[in-house]
Amino acid sequence: MNPHRPTAPLAAGQSGRTWPSGGWGAVALLAVFGCGHSEAPPAGACGGGECDVPSTKTELLAALDGLADPMAQVLRNLAHDDATVEGGWEAIVAGLGDEVGCGADTESSFVVLSNQALRPKGIINRCVDAPVDASRFFLIFEPSAEDDDLDGDAFRVAAWDDDAARYRRYQMVPTEDGEALAVSVEPSFCAGCHGGTARRDAWMPNMNEMTEPWAQWNAEPGFSSFQFDEFFPEHTRGPVFEDVADPERLDSAANLEPIIRAALSRVSTARVATRGDAADLDVALDLLRPVFCDETANFVSEIHDSGELNLDAVVDPGLRDAFAALGSWPWPWVTDVNLRIEPAEPGDSAIALVAIRGHAVVAAEAALRSRGVLSAEQLVAVRALDWTHPFASPLRCGLFEDAEARARSGEGAANAAQTGDNAALVAALFVDAMQAGGVSLLTDDPTTVVALADAEDADAMARLAAGDVASLRTDLTTLGETIASHIATLGEPSGRATLLDERNRRACLAQTQYPITPIIAELPACA
Amino acid sequence: MSTQHVTRSTFGLGLALAVLVLGGCRDDDGAGPGEGSDCIGAKCDAAMDGTDGGSEGDESGGDTDDGAAGDEFPAELLKTCEQRKDEAYTKGRPAFARDHLRWSCADVVGTAAEDRGQEYCEYFAMVQRPGAGEPDLLGLLNETAPSTEETDQELEVTEPGIELTAEEIEALEADPTAVAGRCVFTSWNADVEACSGQCNYDDEVFGIPVIDDSVFRMTFDANTYDAAEALVADCMDYIPGQGADDNPDDPFHDDFLRACELNSVINETEYRKSDNTVCAAALRLAECGCYMTLRVDLPTGLSQKGKLGFPLGSWEAADSLPAGCRYESVVPGAQQLVTCELTAAEVIDNASELKSYCAQTYGDDVVVHVPVPAAAIRCDPDVDNEPYASTCADEPWNVSP
């Protein structure tokens, strides 16, 4: 049996149990959020410090009505008349495993240091050898608000609903006597962390480090992640953690990565599936936004102090993909995964946790290109703007925001009423967005683009603002060679310091925009 | 002082100043560049003429038997060798262990697109288009003309991606999580036939029999049993450079770097993880006077004679694979052919360069293992005559950083 909270957090509410606001309820909400930099939660079922949960099975079944994910079925199967479930998280995992056809022998857990004082979080999956199947549910443990352990009662579940093509969210909470669990169905507060900066309603998993060396994740067996070992707060162990991270169950982040990738693929596929629907401005803007604005962030680190770093830190993966789609090129950066910089001097730290464009965003963009909604040439045209800043460029995002404002005010060239489907509206909005100083940033010649290396280059920005795009036009070969030179420069001895500065700049930016931003050691104070 | 490389056997005969400087590929029977079994691919030519082999040679004489002043380790080569060393000693993923040597299928940073597959592991993508009879093979190497004494091997590579029609996309989107393609990783040596009576004639991947060597066997000349055996033999046979006695930081004193320099001179493949790892182990086996207690020599024992090639596994274990991957048994129990799932959504989203997607997604985690028959190896270091014999540990092939 799981350990339980020492106090009873739930009280019967008029239309269901609620977490009392203030007191430990507020603390519990922080635990639920799991985002150390999060702003106040939005009002909603679990916002404002309270969490509504059904108090009868009838209420629970009503909340689950129409939900076709495995967790909904588990709750239907296990819930008592008072809408509670016994058996703790183990019973939930077992039920989920039964629903997706994955036995206990396929179960794995993953542990990451959270941005709540680096206290560990845990995730449990089943069918880990089959990532697509494993991505049907995630069971997530946050640090406990009561002690230094993981919270074994107030855990969360996200489960894929095939019918709705979206993840359903559940927040478990302990009952008053601590002997059972109640559940909040589809709480709205998750969007702050799992909906990206646009606070999309579509939940997507956050694995802030999707590639080796998974600095703040447990990566054993098979790899040692330097920060996890170094920063793991030993005092945060407890019976729940020991159970979740039992060596029989504990797995490497390397094996979570393909599961998260499969989950993100589910989300981006569902997102782009709306392209053929009748034109709707909100939907079209939602499809187009990731091309310009980085809704999510991920982070990459140097593989220990080897000088090997994921190339996404320097070159936008969307730019690489778009270039690759346009033909064969002589530069390895189009197909390479990694970058080589000078290894760290003895005593120097590895370059850790460089913010990069989120994998979910890149996947959403790729989905538009691969389905012909936007062309590779068009995507290169966007990514060529401020290309030395592949992450969170205000220039690129500003183009979208301006277009959105025009569209919503009816001033833009794109008009939903005159456009057949969302794909056509996206294309129209794209053309409208790609303008500066009243002049289009798109060229008739597909072999040339308007390229601007650095949006902090005042002269170039002035020319852009004046509509002088001719002076910024370049052909793709020249742009590719310039990028290759840029990469080569970073390979020189000074490159390490340049990258570290950029890491710091992005970290400060990320902290203001992305609640999942990890704690980054040795980060200078942000301005 | 320039680096000289003579064969260990020649050195032993007191012929240190013989003609085999620069290490080239001339073996003891006098075979010229590209002619002897010690040669690896076409790389020997350049090494022999000394135009691009890293160390400068001096055929007028050498002093490898007198390391007092030390040999010269070219700066650019040292940088490359240090990169390979960093990779070999990545924490948690060491290349050297008692029972195996290992490296991932991922090519090193900077590998040109058409050269991918340098690490005794080639890879490509297969996609089964909806309704299509045969799968697309993306980024697959094909030999158009074999290498000869005069010419290099000629190769072509199929397109690394595909263009899907709107109808195909629609059909794939109908079940986006269905397996619509596979990334293929093969360590089946280009010079090894599949069938010796126990081939698996039944299994197929998207309709292509797993024993089809035109698809699933490696193609590069360098990815052969002969090349692997010659690599071990050469690195055991040739004498490496020697560091200065009075400079403890001389890179030649580092076992890995010393081997990397030797490999550069012999093969010009300092850019490969595999060759440097194998060469380092082989060099230390030689320096430490190691031999096999079985009726095979070390080059044969390490090169997996009689097998399809080096077995593939993961960083976790030699007989496990990353999630989503499985072994395709060319012969019963074979671990030289691995395929990994590509969902329909992944195929659609990465159609333009699926070979790269395979490398990014799985290349770092599919790992080539070279089994080391540790129990059958005995070592008897000659500390009087071998410069680095005094540093031999119990398992010399398990090269320490």
Side-chain angles (χ1 to χ4, degrees), chain A residues 128-135 211-213 219-226 229 252 254-259 261-262 265-266 268-270 272-273 303-308 311 320-322 324-326 328-330 332 334-340 342-343 363 366-367 369-372 376, chain B residues 79 82-83 85-87 89-93 106-116 159-161 163-164 166 169-170 173 176-179 314-317 320-326 340-341 343-353 355-357 359-365 367:
Chain A
V128 173
D129 286 341
V132 170
D133 293 336
S135 68
T211 53
E212 65 174 329
E220 292 179 339
F223 197 80
S224 294
S225 41
F226 55 103
D229 293 342
S252 164
N255 288 328
L256 179 62
E257 177 194 328
I259 300 170
R261 206 169 47 236
S265 181
R266 287 181 186 277
S268 67
T269 300
V272 78
I303 299 176
H304 301 287
D305 53 1
S306 66
E308 191 168 336
L311 188 57
R320 292 164 48 210
D321 291 347
L326 290 174
S328 298
W329 304 94
V334 179
T335 51
D336 250 345
V337 183
N338 291 319
L339 161 76
R340 271 274 173 205
E342 285 285 315
R369 175 177 49 75
S370 61
R371 289 157 178 83
Chain B
K79 187 175 176 182
E82 286 177 333
Q83 289 175 355
K85 184 182 174 187
D86 286 337
E87 291 155 359
Y89 293 104
T90 297
K91 192 178 176 191
R93 294 184 167 181
D107 291 299
V108 300
V109 175
T111 302
E114 65 274 18
D115 291 336
R116 289 176 286 183
E159 287 295 321
E163 267 192 44
L164 297 166
I169 290 172
E170 186 179 353
E173 279 191 312
T177 61
V179 176
S314 70
W315 291 111
E316 201 170 325
S320 73
L321 289 172
C325 300
R326 72 184 188 204
C340 306
E341 293 177 359
T343 65
E346 286 176 301
V347 168
I348 297 170
D349 291 343
N350 302 283
S352 59
E353 234 292 9
K355 183 170 183 172
S356 273
Y357 185 74
Q360 292 175 29
T361 307
Y362 296 107
D364 272 329
D365 298 318
V367 178

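Excluded from the calculations below are hydrogen atoms, water molecules and symmetry mates; all remaining heavy atoms, backbone and side chain alike, are included. A, B, ... follow the sequence lines: proteins, then strands. Residue 1 opens every chain.
For chain B, the nearby part of A:S268 is the side chain; its heavy atoms alone come within less than 4.5 Å. For B:E159, no part lies under 4.5 angstrom from a heavy atom of chain A. When heavy atoms are compared at a cutoff of 4.5 Å, B:Y357 approaches chain A solely by way of its side chain, counted from C-beta outward. In this structure, no portion of A:L326 lies under 4.5 Å from any heavy atom of chain B. Only the side chain of A:P258 comes within less than 4.5 Å of a heavy atom of chain B; its backbone N, CA, C and O stay farther away. Looking at A:E220, neither its backbone nor its side chain comes within 4.5 Å of chain B, counting heavy atoms on both sides.
In terms of heavy atoms, B:I169 sits closest to A:S370 at CD1-O, 3.2 Å. Shortest non-hydrogen contact noted between A:S265 and B:E346 is OG-N, 4.5 Å. The nearest pair of heavy atoms linking B:T343 to A:V132 is CG2-CG2, 3.3 Å. Contact between B:A113 and A:T335 at its shortest, heavy atoms only, is CB-OG1, 4.0 Å.
Counting heavy atoms from C-beta on, the side chains of B:I348 and A:T269 never come closer than 4.5 Å.
Contact count against chain A (heavy-atom pairs under 4.5 Å) is highest for B:R116 among B:E82, B:R116, B:E341. Ranked by non-hydrogen atom pairs under 4.5 Å with chain A, the options B:D365, B:V367, B:V179, B:T361 are led by B:T361. Counting heavy-atom pairs closer than 4.5 Å to chain A, the top residue among B:E353, B:K79, B:E173 is B:E173.
To the nearest 0.5 Å, atom CG of residue A:D321 and atom CG of residue B:N350 are 6.5 Å apart. For the atom pair B:E87 CD and A:R340 CZ, the distance stands at 4.5 Å (nearest 0.5 Å). Rounding to the nearest 0.5 Å gives a distance of 9.0 Å between CD of A:E308 and CG of B:D86. One finds the CG atom of B:D107 at 8.5 Å from the CG atom of A:D336 (value rounded to the nearest 0.5 Å). Rounded to the nearest 0.5 angstrom, A:N255 CG and B:S314 OG are separated by 8.0 Å.
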Is there a side chain to side chain contact (heavy atoms under 4.5 Å, CB included) between B:T90 and A:E212? Walk through the geometry before answering. CA-CA 11 Å; B:T90 297; A:E212 65 174 329; 5.5 Å; no
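Taking 4.0 Å as the cut-off between side-chain N and carboxylate O, B:D349 and A:R369 do not count as a salt-bridged pair.
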